[in-house]
Protein chains: 2
Amino acid sequence: MNIGNAAEKSGLSAKTIRYYEDIGLLQADRAGNGYRDYSMSDVHRLRFLQRSRSLGFSVEECRQLLSLYSDKDRESASVKAIAKAKLTEIDRKLAELTELRDTLRVLVRSCHGDKRPDCPIIEGLGGKDRVAA
Amino acid sequence: MNIGNAAEKSGLSAKTIRYYEDIGLLQADRAGNGYRDYSMSDVHRLRFLQRSRSLGFSVEECRQLLSLYSDKDRESASVKAIAKAKLTEIDRKLAELTELRDTLRVLVRSCHGDKRPDCPIIEGLGGKDRVAA
DNA sequence: CATAAAGGTTCTAGCTAGGGGAAGGTCAAG
DNA sequence: CTTGACCTTCCCCTAGCTAGAACCTTTATG
């Protein structure tokens with residue numbers, strides 16, 4: 001099947017699929033006319049990539065996961081290790097983002113937001129001390 | 001003061017300060033030897049940028065905030081609008097990331113993680129249906 | 001049969017927000 | 001005088017694509 005078809009079935013754009021081929025994630029066969037030719041198994045792998053990316057795995061992590069996906073002798077422990085590391089990373093990002101939000105929320109709440117120029121947000125961003133979270 | 005000094009005082013790297021000048025965020029005076037020369041007021045603005053960035057504002061948002069920072073006739077409502085929009089954006093990211101984490105957490109918990117090849121994580125990433133969060 | 005639209009191909013360039021490092025000028029100390 | 005720390009500009013690199021140009025192939029229609 002052509003790339004457009006594979007794109008539709010996998011949920012990736014054709015551009016993205018070509019990019020993945022470019023960086024060596026997945027190589028496609030070529031038909032006589034030079035068009036890329038995808039099998040159902042290729043589509044499964046593309047879908048796998050789409051899901052992995054949407055779950056926050058980096059392309060390099062996807063490369064590892066894809067190789068484990070294709071390896072019928074894999075140890076599930078290897079997969080779990082990657083997923084756990086990603087989970088830890090996401091938890092860290094969540095904590096960071098939560099702190100950010102709390103700080104920003106305090107600033108926003110403390111600003112009256114009218115035509116006067118005095119503004120606790122500006123002061124908080126410019127002041128000497130970190131605004132209390 | 002030289003850029004290294006301004007960098008230290010503002011918490012930004014010299015590279016970053018030059019980059020900000022490059023994109024027109026903040027222009028510095030030049031000393032006779034061609035070195036950039038920063039005043040304390042420049043340092044305050046750099047600090048302002050550092051804090052704004054660290055709170056998640058994009059460089060373009062920082063540009064607006066900095067112009068409001070310098071504008072003594074600003075309306076605090078303008079500042080609050082930008083901050084509120086950013087807050088909404090952060091909340092959205094938080095929700096997204098939380099959903100991601102929950103999905104990933106379910107997958108990780110369901111995987112025994114040993115030497116056997118069968119792996120619910122791989123199945124979850126490759127399967128036809130979205131894994132339940 | 002001609003042609004136009006809808007695909008496909010390769011290539012380059014751009015996005016964010018800087019980091020790394022080269023090649024070279026300048027300044028203070030020993 | 002030289003060394004080392006600092007400064008300058010310059011260009012390339014990162015992630016993960018997206019957009020567009022220039023061109024080729026297939027398919028549908030008059």
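In what follows, chains carry the letters A, B, and so on, assigned in the order in which the sequence lines appear, proteins first and then strands, with residues in each chain numbered from 1.
Residue B:Arg30 contributes atom CZ, which lies 8 Å from atom C1' of D:dT8 at whole-angstrom precision. Across the protein-nucleic acid pair, A:Asp37 atom CG and D:dT25 atom P stand 17 Å apart, rounded to whole Å. Between the CD atom of B:Glu8 and the C1' atom of D:dC7 there is a distance of 16 Å, rounded to whole Å. If you take CZ of A:Arg18 and P of D:dT18, they are 12 Å apart, rounded to a whole angstrom. One can place OH of B:Tyr35 at 14 Å from P of D:dA5, the figure rounded to the nearest angstrom. In this structure, A:Ile23 atom CD1 and D:dC13 atom P are separated by 17 Å, rounded to whole Å. Atom CD1 in A:Ile3 sits roughly 14 Å away from atom C1' in D:dT18 (whole-Å rounding). Distance A:Lys15 NZ to D:dA15 C1': 17 Å, rounded to the nearest Å.
Between A:Glu60 and A:Arg63, at least one side-chain nitrogen of the basic residue sits less than 4.0 Å from a carboxylate oxygen of the acidic one, meeting the salt-bridge criterion.
The distance from the CG atom of A:Asp42 to the CG atom of A:Leu26 is 5.5 Å, given to the nearest 0.5 Å. With rounding to the nearest 0.5 angstrom, the OH atom of A:Tyr20 is 6.0 Å from the CG atom of A:Leu49.
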Check the pair A:Lys86, A:Glu61 against salt bridge (Lys or Arg N to Asp or Glu O under 4.0 Å), reporting the backbone distance first and the verdict last.
-> CA-CA 9 Å; A:Lys86 180 54 56 174; A:Glu61 285 159 344; 2.9 Å; yes

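Two residues, A:Gly32 and B:Arg36, neighbour DNA chain D, and the one matched to the more 5' nucleotide by heavy-atom proximity is B:Arg36. Projected onto DNA chain C by closest heavy-atom contact, A:Asn5 and B:Asn33 fall at different nucleotides, the more 5' of which corresponds to A:Asn5.
Taking a 6.0 Å sphere around CD of B:Glu21, one finds it holds more than 12 heavy atoms contributed by other residues, nucleotides or ligands.
Protein chain A touches strand DNA chain C; the 5'-most and 3'-most nucleotides with an atom under 4.0 angstrom of its non-hydrogen atoms are C:dG7 to C:dT10.
Counting heavy atoms from C-beta on, the side chains of B:Asp73 and A:Pro117 never come closer than 4.5 Å.
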